[in-house]
Structures are given as C-alpha cells and as structure tokens.
Asks: 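There's a structure below that I have some questions on.
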Amino acid sequence: MSILVDKNTRLVVQGITGKEGTFHTKQMVEYGTNVVGGVTPGKGGTTHEGIPVFNTVADAVKEAGANASVIYVPPAFAADAVMEAADAGIPVVVCITEGIPALDMVKVKEYLSDKATRLIGPNCPGIISPGKCKIGIMPGHIHKEGRVGVVSRSGTLTYEAVGQLTSLGLGQSSAIGIGGDPIVGTSHVDALRLFQADDETDGIVMIGEIGGTAEEEAAAFAKEHVTKPIVAFIAGQTAPPGRRMGHAGAIIAGGKGTAAEKMAALTAAGIHVVNSPADIGSAMKDALPAG
C-alpha cells in the first residue's frame, strides 16, 4: 500500500481556474496524477486545461468519482472549501493555502472531528507517493520511488531531505508536508502511525521546528509504537524566544517549544537526531538495516 495516495487516487482541484490552481494542476497532470475534475462555483459544465469543471465538490464526486481533493483557494474561503470536501465524503483533502486565520482552522478541526476525512495542511506542500501520485506543489523530479517515509512541517526542508534520499539511492515511499501553522489536520504522530503500518516503508525522516509540542508528542508515540528507524531534524535551533520564525506556528512561547527541548525528547525516545539538515540523508542510510 501507499500512504493515503496512489495510482487509484482520483483528484479534484478546488480553485482550478485560479492562477496557482492552473499552474499546479498542469504539474500534477504531467507527473501522472489522475486529475478527474476541478471546482469553481459558477463555472460548472465548462472545461479548464482539458479538465471538466464542476460547481461543487459533491458534483465532482458524483460525476467523476473523485476520492481526493486539493485546495488552491484564497485564505478567506479555504476553511469553507475544506468543509465542503468533507461534506462530499472526500477521504483525503490537501489544503495548500497559506494565511488561513487560526480561528477558521479551529472551526475546521472541530468540524472534521466526527468525519472520515483526513486533512493534510493547511500551509503545506502536499503529499507525494513517488511514481504513483503527486498532490500539491512539490517538484516531482527530485523524488524517487523508495522505502523511506518523510514527514515535515517545512516545505523547503522536505525538498532538501528528499533530494538527499534520492541522491543516495534510497528514495521515498511517500513524503508528507504537514504544514507550519499552529493548527493542522495531520500531525507528526498521525504520519508516524501511517508509516509504521505501511509495508512499503522501512525508515522514517521526521522534520520539525520550534514552537508547539508536536515533536515531543511524536517522540512519546514513537518510543511506544514505532519499530522502524527514525531520523529527525529540528529547525530553529538559534531562534530567540518570543519571535516568530517563518511559519505561524514557529514561535517559542512561555519558554516552551525550544529546539533543545524537542531534540532532547526525540533523543530520549531512541530517535537519531541530526544537528544539520545536511546530515539527514546519510544518517538515514546509516540507520536503515543492512541489505
């Protein structure tokens, strides 16, 4: 199996006729992702880049059999777009949009709590299972089919880790960018659980950053439930307290969420922690069982 997406994924693009939606839809189609439709209210019945456009996600499910969604809509409308996809029964929703108000995401998180929809993001690069399906904005050409799972709060560092794994011949089973906002749909713990259960994943790269307690929670989960080798890197090791660094969720508040605390928790859980992102690939190669 693959993590969440594979060759059977039938993708609908919410916001397909916008500039970003158009550009990345072309990229996903070129990669081989099966894009079965787009959604732009009021433009149902038309086509865009040769792809049928629907007024609603429910229409795309009914008419085109969509089973995954990606969202490229402005921040003010993104929360509604996520909830619309969930209402239509879409099992995997990837929200690329950056700048969604935190209060909107609080509502989305609550709304999804009793639904079967898995949200990835927001403010994320998406998810890819190399050679099978790419949903999001990541460059497909740096990825290679392999047996290392990658989960990251940082899009840029996802690409760095992936590039190293590819150059070392290890490749990736799947790579998930979970997003850098304070409230996201899929956590490090969620991703670790998926990779642990995946028979195509032999090792895991986990990239975190300052702020919040997600990495400490992942360390506790991994210690009890993950038997595969994990290599971790925490970004923001020199960040001053109280200053937001890049992502909305990357802030040390009340003395909590420092890189040192996170690295200590991960190390105590038996995870291979590297001090530099340049060492992620080589550390993973060393951690994997021989053969």
Side-chain angles (χ1 to χ4, degrees), residues 4-5 9-29 33 35-49 51-127 134-138 153 155 176-187 244 246-249:
L4 303 177
V5 300
T9 297
R10 297 172 61 83
L11 181 67
V12 60
V13 181
Q14 294 176 254
I16 190 171
T17 55
K19 185 176 179 182
E20 188 181 15
T22 298
F23 177 83
H24 290 294
T25 296
K26 289 181 184 177
Q27 300 288 313
M28 291 185 290
V29 169
T33 301
V35 179
V36 297
V39 172
T40 300
K43 294 190 178 180
T46 65
T47 61
H48 186 72
E49 300 294 334
I51 295 166
V53 178
F54 302 94
N55 287 318
T56 67
V57 178
D59 288 346
V61 171
K62 182 180 177 183
E63 303 293 331
N67 59 13
S69 161
V70 63
I71 294 170
Y72 299 101
V73 304
F77 311 109
D80 283 343
V82 173
M83 292 187 283
E84 179 189 349
D87 281 342
I90 296 281
V92 177
V93 178
V94 179
C95 186
I96 306 299
T97 307
E98 181 178 3
I100 301 175
L103 186 58
D104 284 6
M105 283 309 302
V106 170
K107 295 173 183 174
V108 167
K109 192 90 170 175
E110 172 63 24
Y111 192 79
L112 297 180
S113 62
D114 62 349
K115 293 179 173 57
T117 295
R118 157 83 61 194
L119 172 64
I120 298 172
N123 186 17
C124 77
I127 179 171
K134 159 179 130 83
I135 302 179
I137 62 174
M138 70 289 287
R153 278 170 73 179
I176 310 174
I178 60 175
D181 282 2
I183 301 168
V184 293
T186 296
S187 67
R244 183 170 72 84
H247 289 154

Asks: Heavy atoms only: give me the nearest P75-G99 pair and the separation to one decimal.
Replies: CB-O, 3.4 Å
Asks: Is a side-chain N or O of N123 found less than 3.5 angstrom from the main chain of G179, in a donor-acceptor match?
Replies: no
Asks: State whether Y111 and K115 meet the cation-pi test: NZ (Lys) or CZ (Arg) under 6.0 Å from the six-membered ring centroid, and within 45° of the perpendicular axis.
Replies: yes
Asks: Is the backbone N or O of P41 less than 3.5 Å from a side-chain atom of N55, with the two atoms forming a donor-acceptor pair by type?
Replies: no
Asks: Under 3.5 Å, side chain of R10 to main-chain N/O of A64, donor-acceptor pair present?
Replies: yes
Asks: For the atom pair CD1 (I120) and CD1 (I71), what is the distance rounded to the nearest 0.5 Å?
Replies: 11.5 Å
Asks: When you compare the side chain of F77 with that of T97, does any pair of heavy atoms fall below 4.5 Å?
Replies: no
Asks: A68 and I135: which non-hydrogen atoms are nearest, and at how many Å?
Replies: CB-CD1, 4.2 Å
Asks: With rounding to the nearest 0.5 Å, note down the distance linking CE in M138 to CD in Q27.
Replies: 11.5 Å
Asks: Using atom types as modelled and distance alone, determine if a side-chain donor or acceptor of K109 lies under 3.5 Å from a backbone N or O of V184.
Replies: yes
Asks: Please answer whether the main-chain N or O of I178 pairs with a side-chain N or O of T186 as donor and acceptor at a distance below 3.5 Å.
Replies: no
Asks: Can any side-chain N or O of D181 pair as donor or acceptor with the backbone N or O of P122 at less than 3.5 Å?
Replies: no
Asks: Would you say E84's side chain and V57's backbone share a donor-acceptor pair under 3.5 angstrom?
Replies: yes
Asks: Rounded to the nearest 0.5 Å, what separates atom OG1 in T33 from atom CG in L11?
Replies: 7.0 Å
Asks: I want to check something: taking the side chain as every heavy atom from C-beta on, are E49 and T25 in contact at a cut-off of under 4.5 Å?
Replies: no
Asks: Measure the spacing between CG of L4 and CD1 of I176 and express it to the nearest 0.5 Å.
Replies: 5.5 Å
Asks: I need the K107 NZ to I100 CD1 distance, nearest 0.5 Å.
Replies: 13.0 Å
Asks: Would L119 and M105 count as a side-chain contact (heavy atoms from CB on, under 4.5 Å) here? Give the steps.
Replies: CA-CA 11 Å; L119 172 64; M105 283 309 302; 3.9 Å; yes
Asks: Between A102 and I183, which heavy-atom pair has the shortest distance, and what is it?
Replies: O-CD1, 3.8 Å
Asks: Begin with the C-alpha distance, continue with both residues' side-chain angles, and end with the deciding distance and a verdict on side-chain contact (heavy atoms from CB on, under 4.5 Å) for V94 and C124.
Replies: CA-CA 8 Å; V94 179; C124 77; 4.3 Å; yes
Asks: Can I get a per-line list of side-chain donor-acceptor pairs under 3.5 Å for residues 12-22, giving both atom names and the distance, sequence neighbours left out?
Replies:
from : atom 1 : to  : atom 2 : distance (Å)
Q14  : OE1    : S69 : OG     : 2.4
Q14  : NE2    : A81 : O      : 3.0
T17  : OG1    : T40 : OG1    : 2.9
T22  : OG1    : I16 : O      : 3.1
T22  : OG1    : G18 : O      : 2.8
T22  : OG1    : H48 : NE2    : 2.8

Asks: Indicate the atoms forming the closest heavy-atom contact of A60 with V39, along with that distance.
Replies: CB-CG2, 4.5 Å
Asks: In Å and rounded to the nearest 0.5 Å, what is the CG to CG distance from D104 to D80?
Replies: 8.0 Å
Asks: Could you go step by step and tell me if N67 and T9 meet the side-chain contact (heavy atoms from CB on, under 4.5 Å) rule?
Replies: CA-CA 6 Å; N67 59 13; T9 297; 4.0 Å; yes
